[in-house]
Amino acid sequence: MPIVSKYSTAQIEKLVNQLLDVLHAEKATTELSLMCLGNAISHVVNSSVPQNQRAAVVSHFSQALADTVVDKAN
């Protein structure tokens with residue numbers, strides 16, 4: 001069963017494109033891009049998720065990321 005997001009595809013694509021535009025404008029390597037995005041994720045989690053929920057949120061996020069990478073490879 002697909003997951004239904006409360007955010008529109010257009011809203012998500014706009015933000016993702018803006019993030020990618022910044023990385024491209026800075027000529028960021030893959031390694032630097034991943035480091036920066038990882039730091040941004042850590043900041044969002046640490047500043048917006050209650051401490052007692054952080055491990056679960058990060059676990060779910062990590063699994064969703066892994067599933068996306070695996071799905072794209074197949």
Side-chain angles (χ1 to χ4, degrees):
M1 176 179 194
I3 297 173
V4 177
S5 176
K6 63 182 176 181
Y7 304 104
S8 72
T9 299
Q11 185 180 20
I12 294 168
E13 287 179 0
K14 178 182 176 187
L15 286 171
V16 168
N17 286 333
Q18 288 174 339
L19 291 167
L20 294 175
D21 286 346
V22 169
L23 294 171
H24 180 73
E26 294 296 321
K27 296 179 175 50
T29 63
T30 300
E31 180 181 20
L32 179 57
S33 296
L34 291 171
M35 288 173 59
C36 292
L37 292 169
N39 286 351
I41 291 164
S42 296
H43 175 77
V44 169
V45 170
N46 287 328
S47 65
S48 303
V49 177
Q51 188 171 5
N52 64 342
Q53 296 175 7
R54 291 178 189 163
V57 168
V58 169
S59 178
H60 290 125
F61 177 84
S62 298
Q63 187 59 56
L65 177 60
D67 291 348
T68 300
V69 173
V70 170
D71 285 347
K72 299 269 187 204
N74 292 329

**Student:** Between Val22 and Val16, is there a shared hydrophobic cluster once you connect ILVMFWY residues whose side-chain heavy atoms come closer than 4.5 Å?
**Tutor:** no

**Student:** Applying side-chain contact (heavy atoms from CB on, under 4.5 Å), name anything that partners Ile41, two or more places apart in sequence or on another chain.
**Tutor:** Val45, Phe61

**Student:** Rounded to the nearest 0.5 Å, what separates atom OG in Ser33 from atom NZ in Lys27?
**Tutor:**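 So the gap between those two atoms works out to 12.5 Å.
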
**Student:** Would you say Arg54 and Gln51 make side-chain contact, with heavy atoms under 4.5 Å?
**Tutor:** yes

**Student:** Are His60 and Val57 side-chain neighbours, meaning at least one heavy-atom pair lies under 4.5 Å?
**Tutor:**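 Result no, sub-4.5 Å side-chain heavy-atom pair not found.
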
**Student:** Rounded at 0.5 Å granularity, tell me how far CG in Asn17 sits from CD1 in Ile12.
**Tutor:** 11.5 Å

**Student:** What verdict does the side chain to side chain contact (heavy atoms under 4.5 Å, CB included) test give for Gln18 and Leu15, after you've listed the backbone C-alpha separation in whole Å, the side-chain angles of each residue and the deciding distance to 0.1 Å?
**Tutor:** CA-CA 5 Å; Gln18 288 174 339; Leu15 286 171; 3.6 Å; yes

**Student:** Keeping Thr68 on the side-chain end and Ala64 on the backbone end, is there a donor-acceptor pair under 3.5 Å?
**Tutor:**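 Present.
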
**Student:** To the nearest 0.5 angstrom, please state how far the NZ atom of Lys14 sits from the CG atom of Leu19.
**Tutor:**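 That separation rounds to 12.0 Å.
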
**Student:** Between atom CG of Leu20 and atom CG of Leu37, what is the distance when rounded to the nearest 0.5 Å?
**Tutor:**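 Result: 7.5 Å between the selected atoms.
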
